Protein chains: 2
Amino acid sequence: MIRPPPGPRGEIELIRRLRPLLDRPDSPVGFGDDMGVLECPGQPVLWAVDMLMDGVDFDSRVHEWAAIGRKAMAVNLSDCAAMGAQPVAALCAVALSNALTMDDAVALVRGAHEFGLRFGCPVVGGDTNSWDSPTVISVSIAACCEPGCQPVRRNGARPGDRLWLTGPVGGSLLGRHLTFEPRVAAGLEINRRLRPHAMIDISDGLALDLGRVLEASGCGAVLDEVNLDALIHPNATQMSGTDGRSPRDHALHDGEDFELIVALPPETRESECSALGLSPLGYVTGEPGLRIQAADGRLEAVEIRGWEHFR
Amino acid sequence: MIRPPPGPRGEIELIRRLRPLLDRPDSPVGFGDDMGVLECPGQPVLWAVDMLMDGVDFDSRVHEWAAIGRKAMAVNLSDCAAMGAQPVAALCAVALSNALTMDDAVALVRGAHEFGLRFGCPVVGGDTNSWDSPTVISVSIAACCEPGCQPVRRNGARPGDRLWLTGPVGGSLLGRHLTFEPRVAAGLEINRRLRPHAMIDISDGLALDLGRVLEASGCGAVLDEVNLDALIHPNATQMSGTDGRSPRDHALHDGEDFELIVALPPETRESECSALGLSPLGYVTGEPGLRIQAADGRLEAVEIRGWEHFR
């Protein structure tokens with residue numbers, strides 16, 4: 001059994017400290033009732049959940065609790081970005097290790113809440129638990145599309161679509177997995193202006209997550225070698241120097257980049273894509289599988305693999 | 001590190017097995033996208049989350065995984081009951097111990113989903129993770145009030161209100177904490193027909209959860225000794241025989257009964273309450289604190305305590 005650190009204890013005291021942080025006097029159901037309220041007038045509500053575990057998704061020996069809370073919110077905001085939707089509110093459930101202090105626990109929830117607020121997405125409820133095992137934090141998020149917009153699914157890519165990325169990928173383990181900026185504004189803007197056929201955020205790796213789009217859409221894809229190499233993050237090159245994997249391998253298979261993969265109809269103007277910060281990656285094919293095309297036209301198959309739980 | 005049991009592994013295979021269980025062809029966003037969709041046309045959406053941990057809320061050495069999944073859903077359904085709301089859909093996030101088999105993992109989610117379906121509340125999305133620590137399951141739930149109804153909050157009790165319970169309490173540890181029936185139908189009916197001032201479900205104990213209503217409402221309460229003793233569950237008496245605590249102490253302070261505490265205006269007819277399966281417990285007072293009134297009129301203070309995490 002873990003011996004609790006000195007200082008104030010108790011779920012009741014924790015909730016008392018969270019109340020001034022989270023209470024919204026204008027909410028139809030106040031802080032600390034059995035359920036919270038979501039307000040998305042006239043729009044369907046999108047929702048999702050992500051769970052992070054100490055030692056797997058973060059390391060509390062190294063990372064600050066506020067930064068961990070930020071990440072728990074950020075991975076959920078990234079799901080909203082991938083649907084082209086505006087985050088609205090979040091719930092935060094925690095199983096706190098008994099080794100945490102009261103300040104740690106408040107910092108964790110505050111980290112999630114304050115980062116969410118930057119995107120219009122407060123923590124409006126949750127569940128606080130404790131135990132003798134490592135800390136778990138699970139954030140649920142709700143989002144709405146803008147009027148006239150639809151959620152962007154992953155199954156709408158078609159042969160001939162162009163593939164774009166919101167930013168460079170690979171090597172996020174060097175720190176970006178904790179500090180990345182979810183592409184919420186880009187996702188909304190892309191949905192509003194470009195009507196993408198499919199979109200997904202890169203949580204388990206470019207190849208694996210693009211593979212999910214292709215599988216759901218019944219398509220394949222060809223990545224342009226020059227474009228792909230231009231999208232290798234400096235962190236991927238840096239990691240490559242010590243682990244012997246190529247920078248491109250990092251870019252294809254590392255997880256937690258949280259950039260968006262976007263499939264756009266071929267008639268979309270490149271200038272419009274560039275104006276939204278998108279970089280070209282390749283195109284969707286009728287033939288299944290994922291391949292890289294070299295400058296000389298030669299095609300090479302890419303294995304669809306990345307981070308997978310429960311192996 | 002836990003050595004995985006023999007048999008199929010992998011999150012991808014797990015999700016493949018969950019798809020036929022959870023996929024809803026009529027949903028605007030299909031199975032396995034970044035987010036699911038909630039449909040509560042024209043009504044505000046209520047939502048909540050509860051997290052259960054192995055060794056704290058259940059014991060996987062003793063309990064079946066399907067029964068654990070059922071409980072994870074049931075505690076959330078109970079939150080909907082406490083708001084007088086109809087559950088609509090749920091998300092299920094899991095951190096699976098690596099000691100689980102694929103069949104265990106499917107049974108866990110299936111247990112949640114199939115129990116939810118009995119209340120019109122399918123699992124529509126989630127997050128699957130694994131690690132070397134005990135299993136965690138976190139269900140988020142969404143609910144809507146019926147047209148013309150409002151969510152029943154915990155802060156509306158007023159001096160003079162009568163307090164009622166949906167059933168007997170105490171001793172749930174003997175097994176009911178895993179097999180209880182959430183009072184969803186009763187909660188809806190009470191909201192529709194009786195317009196209660198306040199309602200809460202008993203998760204941490206009658207005294208503690210009633211205390212939450214009283215604190216939020218700025219009131220106190222007196223419990224009638226004869227009524228209270230009539231609401232002692234046989235399990236409370238049974239436990240009392242071995243642990244030396246009185247049956248009444250179990251009824252007041254044991255958690256996980258998941259009966260509803262209902263505060264009704266004094267003019268509500270007793271016959272209407274009885275018809276809905278409610279039993280009388282006492283009344284709300286302007287004076288703060290919780291007390292028991294004996295047959296001879298004598299008042300005795302009750303300590304507001306029960307299960308508290310993070311002690």
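So you know, we letter chains A, B, ... as the sequences are listed, proteins then strands, and number each from 1. Just so we're clear, the structure is a prediction, and the values are computed from it rather than from any experiment.
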Backbone N or O of A:Pro134 within a donor-acceptor pair of the A:Asp54 side chain at under 3.5 Å?
no
Between the main-chain N or O of B:Ala157 and the side-chain N or O of B:Ser217, is there a donor-acceptor pair closer than 3.5 Å?
yes
A:Leu96 versus chain B, the contacting section by heavy-atom distance below 4.5 Å
side chain
Taken in chain and number order and not counting sequence neighbours, the residues that satisfy ring-ring contact (aromatic ring centres under 6.0 Å, His included) with B:Phe258 are B:Phe180
Which residue out of A:Ala82, A:Gly125, A:Cys92 racks up the most heavy-atom pairs below 4.5 Å with chain B?
A:Ala82
Select, from A:Val56, A:Asn76, A:Asp50, the one with the greatest count of heavy-atom pairs under 4.5 Å involving chain B.
A:Asp50
Identify which part of B:Met199 has an atom lying under 4.5 Å from any heavy atom of chain A, answering side chain, backbone, both or neither.
backbone
Residue B:Val94 versus chain A: region with a heavy atom under 4.5 Å
backbone
Are the side chain of B:Asp204 and the backbone of B:Gly255 linked by a donor-acceptor contact shorter than 3.5 Å?
no
Sort B:Ser97 into side chain, backbone, both or neither according to what part of it lies under 4.5 angstrom from a heavy atom of chain A.
backbone
Which bit of B:Val49 comes within less than 4.5 Å of chain A, counting heavy atoms only: side chain, backbone, both or neither?
both
Can any side-chain N or O of A:Asp59 pair as donor or acceptor with the backbone N or O of A:Gly55 at less than 3.5 Å?
no
Any donor-acceptor pair under 3.5 Å from B:Asn191 side chain to B:Gly84 backbone
yes
Is it the backbone or the side chain of B:Ala89 that comes under 4.5 Å from a heavy atom of chain A, or both, or neither?
both
Measure distances from A:Ser140 to the heavy atoms of chain B and classify the residue's part below 4.5 Å as side chain, backbone, both or neither.
both
What part of B:Ile200 gets closer than 4.5 Å to chain A, counting heavy atoms only: side chain, backbone, both or neither?
both
So, does A:His113 use its side chain to make a donor-acceptor pair with the main chain of A:Val123 at under 3.5 Å?
yes
Tell me the closest heavy-atom pair linking A:Gly211 and A:Ile304, and the distance in Å.
CA-CD1, 3.9 Å
Heavy-atom pairs under 4.5 Å with chain B - which of A:Ala95, A:Pro8, A:Ala85, A:Ser78 has more of them than the others?
A:Ala95
Should the heavy atoms of other residues, nucleotides or ligands under 6.0 Å from CD of A:Glu13 be counted, would the total exceed 12?
yes
Most contacts with chain A, counted as non-hydrogen pairs under 4.5 angstrom, among B:Val136, B:Leu52, B:Val213:
B:Val136
Could you look at B:Gln150 and say if it's the side chain, the backbone, both or neither that has a heavy atom under 4.5 Å from chain A?
neither
Best-contacting candidate, A:Ala105, A:Ser203, A:Gly126, against chain B by heavy atom pairs under 4.5 angstrom:
A:Gly126
Measuring from B:Ile141:CD1 to A:Met35:CE, what's the distance to the nearest 0.5 Å?
6.0 Å
Select one option (side chain, backbone, both, neither) describing which atoms of B:Asp201 are under 4.5 Å from chain A's heavy atoms.
both
